[in-house]
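Inspection log for the structure reproduced underneath, given as structure tokens.
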Amino acid sequence: MSMRIAAARGCPKLIAGLLLSTSALAALPSMASAQDMTVEDRLAALEERLGQLEEENRELREQVDAAEQTAIVSAPPVVAPAPALAPVETVRGTEDRDLIGVNSTYAFAMLDHTENITTRPLVQLEAQRDGLLDSRVTLSGQVTAIANYQRSDTDDKFGYLMRHPTSVNQLGDNVSEAVLHSVSLAFTANVAPRVTAYGELLYDPQQSFGGGTITSLTRNQIQLRRGWIMYGDLNETPVYALIGKMDVPFGLNDTVSPFTNSTNWHAFAALAYGAQVGFVSDGFHVRAMAVQGGAQFRSANVPVQGSSTPSRLNNFAVDARYTLDLGGYGNNLMVGASYLHGTAYCQGYPVFHFNPCQDNNPGIAAYARLEYGDLELLGEYAETTQVWEGTQVPNPMNPLSVFEAFAPSALTIGARYGFGPRGANSQRPIQFSAEFSRFLAGPEGAPWRRQNQIVAGLSWQPLANVNLFGEFIHVDGFVPLNFLSGGNFPDGSTWSDPDVDTDVVLVGAQVAF
């Protein structure tokens, strides 16, 4: 369009020149035919002719100018290009981010079974705040493989709790294995501002509640271990809330050992459906959770009309902790306390997992952790506020009925010391640990009185997502929770035995991506 207008503007001079030349040429014959005219007459005729040509040239210029104005007016208007639109601000976790990503440091923290047991939602929020989750969906995974040798002084009784202690899987006075202990796969999706969806799949044949051996299909299942939808952003608000399947905020339940969970974890760590709200600010972390009633997945049970049917939200837990900054790099002291309205210890005789209760049995817990330099100290205590009915044999004809009902408790004390330069997770790569934990389930003299566990551990973490470890474990006592006080043998006896000793030598690796 602009080229046509420029061409029209250049035409008048060209056309005028052509017309002037043509007129001049046309005048030459008449001028040539007047050879007989005098010089004065010729000059006069030439001047007259030039005047005519000038008049014709003026008229032609006016016509060309008029045509040029007509062309400009009739030409379509030139529209200036529209200014570039300002980029639309995209929400966090949508168009401006990669679809799928991984972060191995975050994966190890979320899927590790030894630490952050009840605080995984907070770990997730802190990872978001620190920029570790820069994709719309973050995939995480972990694999733990172990090899061990176990010896017991009593045939078919092994008190080590990192695999269910049953004679189905452990025969004689020694066992050995090289197995896949667990595999996890999880996703963390930032679906909208301040909204996060999380799901975690777990394969754990050694600690599955399925029947049979560790090669039975009933144990080789994949379950959704945890999952929730959470609202929260620590950059904007200290309050967060989530609904789903999660660890109940009761107790610490962590361990300083590289692999073996404490007895507190085995006795009181609860996993359940529910809704949780938390507050974290200035060293305080306070949480409350409404827990689904009935017998939940782990260590939480409140009857619903005398049944274990989870048809009512009638259980709850509260936890409060405070972390005091002691100055220096990572030096702090954390103390906390918890209450759970319904623990797992409410069934009557005979005791069996997930059986209904007549009434709930609350639990209380207190814990502390000191991190100072390269040393970490941990302590925790938990107990039920009422006796556990199932710890008393109701049949007066049974000799075991002489033992009164007892309120279960668990105690853990541990220490860990690190060596070497700090890694990406702020921990020393080489760590020595020692931990003692005890579970009491009966009065003095009862076969189900206690089970003690001592763990000495060594771990090497060359990367934040790789842990190579070795442990020596000594277990004093054999107290399976199922049929703890008997009821599974015709003669009314119990398989619990406080005098069984179990020793374990174990090596393994835990990796995450």
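Because the structure is predicted, anything quoted here is derived from the model rather than measured. By convention here, the first residue in the shown sequence is residue 1.
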Looking just at side-chain N and O atoms, do Ser338 and Asp319 make a donor-acceptor pair shorter than 3.5 Å?
yes
Search all heavy atoms of Met289 against all heavy atoms of Pro249 and return the closest pair with its distance.
SD-CD, 3.5 Å
Passing candidate, side chain to side chain donor-acceptor pair (under 3.5 Å) with Glu200, options Arg226, Arg225, Arg120, Gln223
Arg226
Between Gln461 and Asn467, does the side chain to side chain donor-acceptor pair (under 3.5 Å) criterion hold? Intermediate values first, please.
CA-CA 4 Å; Gln461 201 161 355; Asn467 187 21; 5.1 Å; no
Modelled atom types, side-chain donor and acceptor of Asp491 and Ser493, under 3.5 Å
yes
Could you verify whether a donor N or O on one side chain and an acceptor N or O on the other, from Asn315 and His341, lie under 3.5 Å apart?
no
Does atom OH of Tyr372 have more than 12 heavy-atom neighbours, drawn from other residues, nucleotides or ligands, at distances under 6.0 Å?
no
Here the pair of heavy atoms bringing Gln451 nearest to Gly159 is NE2-O, 2.9 Å
Are there over 12 heavy-atom neighbours, none belonging to Leu224, within less than 6.0 Å of that residue's CG?
yes
For residues Phe354 and Phe209, establish whether the separation of their ring centroids is below 6.0 Å.
yes
For Trp228 and Gln124, test the side chains for any donor-to-acceptor distance below 3.5 angstrom and give the result as yes or no.
yes
Lys157 with Asp173: basic N within carboxylate O range, under 4.0 Å
no
Partner of Phe469 under side-chain contact (heavy atoms from CB on, under 4.5 Å), chosen from Thr260, Leu506, Val507:
Leu506
Step through the shown structure and confirm whether more than 12 heavy atoms of other residues, nucleotides or ligands are within 6.0 Å of CD1 on Ile229.
no
Whether Arg163 and Glu177 form a salt bridge (side-chain N of Lys/Arg under 4.0 Å from carboxylate O of Asp/Glu) is what I want to check.
yes
Is the distance between the ring centroids of Tyr345 and Phe268 under 6.0 Å?
yes
Do Asp476 and Arg438 meet the salt-bridge criterion of a basic N to acidic O distance under 4.0 Å?
no
Value for CD1 (Ile454) from CD1 (Ile413), rounded to nearest 0.5 Å, stands at 11.5 Å
Does the gap between the ring centers of Tyr322 and His285 come in under 6.0 Å?
no
Passing option when Pro447 is tested against Asp497, Leu400, Asp499, Leu484 for side-chain contact (heavy atoms from CB on, under 4.5 Å):
Leu400
Under a 3.5 Å cutoff, is there a donor and acceptor pairing between the side chains of Ser176 and Gln150?
no
Tyr273: ring pair (Phe, Tyr, Trp, His ring centres under 6.0 Å) partners, not counting sequence neighbours
Phe297
Using the ring centroid of each side chain, check whether Phe483 and Phe352 are separated by less than 6.0 Å.
yes
I need the Arg321 CZ to Thr118 OG1 distance, nearest 0.5 Å.
5.0 Å
